[in-house]
Q: 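Just passing along the structure, written as structure tokens.
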Amino acid sequence: MPKHIFVLTGAGVSAESGLGTFRDKHGEGIWARFDPMKLATPEAFARDPQTVLAFYDARRRNLVNAKPNAAHFALARLERALAARGGGLTLVTQNIDDLHERAGSKEVIHMHGELFKARCLECGSVRPWFDDLEPSHACPDCGSPGSLRPHVVWFGEMPLRMDDIEDALRRADLFVAIGTSGAVYPAAAFVAEARAYGVPTCEINLEAAENAYCFDEARYGSASETVPAWVEELVEG
Ligand code: BJW
């Protein structure tokens with residue numbers, strides 16, 4: 001069993017928990033119904049904060065009732081198994097939900113931020129936030145009015161913890177991408193980076209990602225079945 005595994009997850013890992021994906025080949029994702037340029041850019045937030053906040057309020061309320069699925073639990077099991085063998089799992093998610101944590105994963109890098117956190121544009125403080133966000137809310141830390149935004153990474157913004165991610169890619173013995181379309185950068189380029197370091201790569205997905213040609217191996221099927229089966233093979237094999 002490889003000692004250091006890098007797993008990148010995307011919306012597909014949470015699809016069976018009832019959280020929508022952004023894009024699929026049948027035109028049914030979130031971005032087929034909503035224009036990302038009007039909801040997921042800093043310019044959209046500056047122009048129309050009410051609309052952007054309402055979009056995230058609805059998704060935050062939905063997340064309260066969502067539950068982790070078998071794929072999330074299997075990745076938590078993998079983290080424990082690797083730690084027990086003196087290795088480690090780097091779990092990087094593009095998802096802003098907290099389902100990996102609720103399934104028991106201890107270390108999760110949320111490169112696109114977290115829906116249950118708010119950030120102040122004035123003082124930079126980041127706080128847990130479970131309620132709706134109003135444009136009129138004042139920052140609890142600096143008191144600045146109307147300065148709170150969801151702690152998520154929009155198009156044109158720098159994803160979080162890129163240095164930690166680069167280090168982990170370099171150290172990995174195996175790179176696995178689960179439930180991500182390979183359409184959004186820089187996450188879509190991690191597989192090419194891993195390959196450049198000589199790390200074997202595997203895609204686990206419902207259907208082939210846009211960057212599927214970059215992977216050494218592929219396993220296709222729903223995450224709730226393929227991920228537990230893959231973890232079982234690794235841990236017991
Ligand atoms: C299942 C399943 C089941 C379904 N089981 N599987 C290079 C080239 C071109 C463009 C760029 C480039 N570099 C940067 C850009 C610009 C831009 C970008 O990538 N644009 C593209 C659209 C072309 N990127 C950025 O702006 C990023 N910032 C940046 O690059 O800064 C500069 C920089 C450069 C280099 C290094 C460092 C910095 C920021 C991107 C921010 C993305 N934000 C969003 C919204 C976050 C908040 C929110 O949730 O609202 O993040 S967009 C959205 O897409 C969200 C996701 O995290 C992200 C990725 O989506 P994901 O997870 O792949 O989901 P889907 O829906 O696309 O795919 C689902 C998959 O699951 C599918 O494959 C299904 O088959 C599968 N699936 N059900 C298993 N049951």
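Both ligands and their constituent atoms are indexed starting at 1 by order of listing. For the numbers below, each heavy atom of this structure counts, side chains included, while hydrogens, waters and symmetry mates do not. The chain is numbered in sequence order, starting from 1.
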Q: Kindly assign one of parallel, tilted or perpendicular to the pair His137 and Trp129, based on the angle between their ring planes and the thresholds 30° and 60°.
A: perpendicular
Q: Under 4.0 Å from a heavy atom of Phe155: give me the atoms of ligand 1 that qualify, with their elements.
A: 17 (C), 20 (N), 22 (C), 26 (O), 52 (S)
Q: Hey, what else clusters with Val126 if you join Ile, Leu, Val, Met, Phe, Trp, Tyr whenever side-chain heavy atoms sit under 4.5 Å?
A: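 In the cluster with Val126 there is nothing else; it is isolated.
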Q: Using every non-hydrogen atom in the two residues, find where Trp154 and Leu39 come nearest and quote the distance to one decimal.
A: NE1-O, 3.8 Å
Q: Any idea which atoms of ligand 1 are less than 4.0 Å away from a heavy-atom of Pro159?
A: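 Within the 4.0 Å cut-off of Pro159, ligand 1 contributes 28 (N), 29 (C), 31 (O), 38 (C).
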Q: If you have a sec, work out which protein heavy atom is nearest atom 35 (C) of ligand 1 and how many Å separate them, to one decimal?
A: Pro186 CB, 4.0 Å
Q: Please name the pair of heavy atoms, one in Leu234 and one in Pro2, separated by the smallest distance, quoted to 0.1 Å.
A: CD2-CD, 3.8 Å
Q: Judged on heavy-atom distance to atom 41 (C) of ligand 1, which of Ile165, Asn95, Val153 sits nearest?
A: Val153
Q: Starting from atom 3 (C) of ligand 1, what is the nearest protein heavy atom, named by residue and atom, and what distance separates them?
A: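 Here the closest protein heavy atom is Gly12 O, 3.4 Å.
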Q: What distance do Phe55 atom CZ and Arg60 atom CZ have between them, rounded to the nearest 0.5 Å?
A: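 The CZ atom of Arg60 is 11.5 Å from CZ of Phe55, to the nearest 0.5 Å.
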Q: State, to 0.1 Å, how close Ala15 and Thr21 come at their nearest heavy-atom pair, and which atoms those are.
A: CB-CG2, 4.0 Å
Q: Between atom CG of Asn211 and atom OH of Tyr185, what is the distance when rounded to the nearest 0.5 Å?
A: 6.5 Å
Q: By number and element, which atoms of ligand 1 are closer than 4.0 Å to a non-hydrogen atom of Tyr56?
A: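 Checking each atom against Tyr56, I get 47 (C), 48 (C), 50 (O).
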Q: Using a heavy-atom cut-off of under 4.0 Å, does the side chain or the backbone of Ile96 touch ligand 1, or both, or neither?
A: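 Ile96 to ligand 1: side-chain contact only, backbone stays beyond 4.0 Å.
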Q: For atom 59 (C) of ligand 1, what's the nearest protein heavy atom and its distance?
A: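 Of the protein heavy atoms, Gln94 OE1, 3.3 Å lies nearest.
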Q: Heavy-atom distances under 4.0 Å decide this one: backbone, side chain, both or neither, for Glu157 against ligand 1?
A: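 Answer for Glu157: backbone.
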Q: Nearest 0.5 Å please: distance from the CG atom of Leu8 over to the CD1 atom of Ile204.
A: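 So the gap between those two atoms works out to 11.5 Å.
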Q: Suppose I only count heavy atoms of Gly179 and a 4.0 Å limit; which atoms of ligand 1 are within that range?
A: 6 (N), 69 (C), 70 (C), 71 (O)
Q: Can you sort out which atoms of ligand 1 are near Glu16, meaning under 4.0 Å from one of its heavy atoms?
A: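 Those qualifying, in numeric order: 3 (C), 5 (N), 80 (N).
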Q: Select the closest option to atom 75 (O) of ligand 1 among Val13, Asn205, Val152, Thr9, judged by heavy-atom distance.
A: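 It is Asn205 whose heavy atom sits nearest to atom 75 (O) of ligand 1.
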Q: Tell me the nearest of Tyr185, Tyr220, Trp31, Phe22 to atom 25 (C) of ligand 1, using heavy-atom distances.
A: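 That would be Tyr185.
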Q: For Gly182, is at least one N or O under 3.5 Å away from an N or O on ligand 1?
A: no
Q: Determine, stepwise, if the pair Glu114 / Arg161 fulfils salt bridge (charged side-chain N to carboxylate O under 4.0 Å, His left out).
A: CA-CA 13 Å; Glu114 294 171 73; Arg161 298 190 55 188; over 6 Å; no
Q: Considering only heavy atoms, which of His112, Glu207, Met158, Arg23 lies nearest to atom 60 (O) of ligand 1?
A: Arg23
Q: Report the nearest protein non-hydrogen atom to atom 40 (C) of ligand 1: residue, atom name, distance rounded to 0.1 Å.
A: Val184 CG1, 3.7 Å
Q: To which protein heavy atom is atom 62 (O) of ligand 1 closest, and what is the distance rounded to 0.1 Å?
A: Ala11 N, 2.8 Å
Q: How far does NZ of Lys117 sit from CZ of Phe130, to the nearest 0.5 angstrom?
A: 9.0 Å
Q: Kindly give the heavy-atom pair with the smallest separation between Ala81 and Val235, and that separation in Å.
A: CB-CG2, 3.8 Å
Q: For Ala223, counting its heavy atoms only, list the atoms of ligand 1 lying under 4.0 Å from any of them.
A: 3 (C), 5 (N), 79 (C)
Q: State, to 0.1 Å, how close Pro68 and Ser17 come at their nearest heavy-atom pair, and which atoms those are.
A: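 Where Pro68 meets Ser17 most closely, the heavy atoms are C-OG, 3.8 Å.
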Q: What pairs meet the salt bridge (Lys or Arg N to Asp or Glu O under 4.0 Å) rule with one or both residues in residues 182-210, with sequence neighbours excluded?
A: Arg195-Asp216
Q: I need the single residue from Glu101, His100, Glu79 that forms a side chain to side chain contact (heavy atoms under 4.5 Å, CB included) with Leu91. Which is it?
A: His100
Q: Working to the nearest 0.5 angstrom, can you tell me the gap between Asp141 CG and Arg127 CZ?
A: 4.0 Å
Q: Can you report which non-hydrogen protein atom sits closest to atom 23 (C) of ligand 1, along with the distance?
A: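 Residue, atom and distance for the closest contact: Ala183 O, 3.7 Å.
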Q: Hey, is Ala209 one of the residues with a heavy atom under 4.0 angstrom from ligand 1?
A: no
Q: For atom 63 (O) of ligand 1, what is the closest protein heavy atom, and at what distance to 0.1 Å?
A: Thr180 OG1, 2.7 Å
Q: Show the atoms of ligand 1 that are less than 4.0 angstrom away from any heavy atom in Trp154.
A: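 Near Trp154, the atoms of ligand 1 are 39 (C), 41 (C).
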Q: Examine ligand 1 and decide if any of its atoms is less than 4.0 Å from a heavy atom belonging to Gly156.
A: yes
Q: Look up atom 16 (C) of ligand 1 and tell me if a protein heavy atom lies less than 4.0 Å from it?
A: no
Q: Looking only at side chains, do Ser14 and Asp97 share a donor and an acceptor under 3.5 Å apart?
A: yes
Q: I'd like to know if atom 70 (C) of ligand 1 has any protein heavy atom within a distance of less than 4.0 Å.
A: yes
Q: Is the closest heavy atom of Asp24 to ligand 1 under 4.0 Å?
A: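 No, that is not the case, since the closest heavy atom of the residue is not under 4.0 Å from the ligand.
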Q: Show me which atoms of ligand 1 lie under 4.0 Å from any heavy atom of Arg59.
A: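 Numbered from 1, ligand 1 contributes 48 (C), 49 (O), 50 (O).
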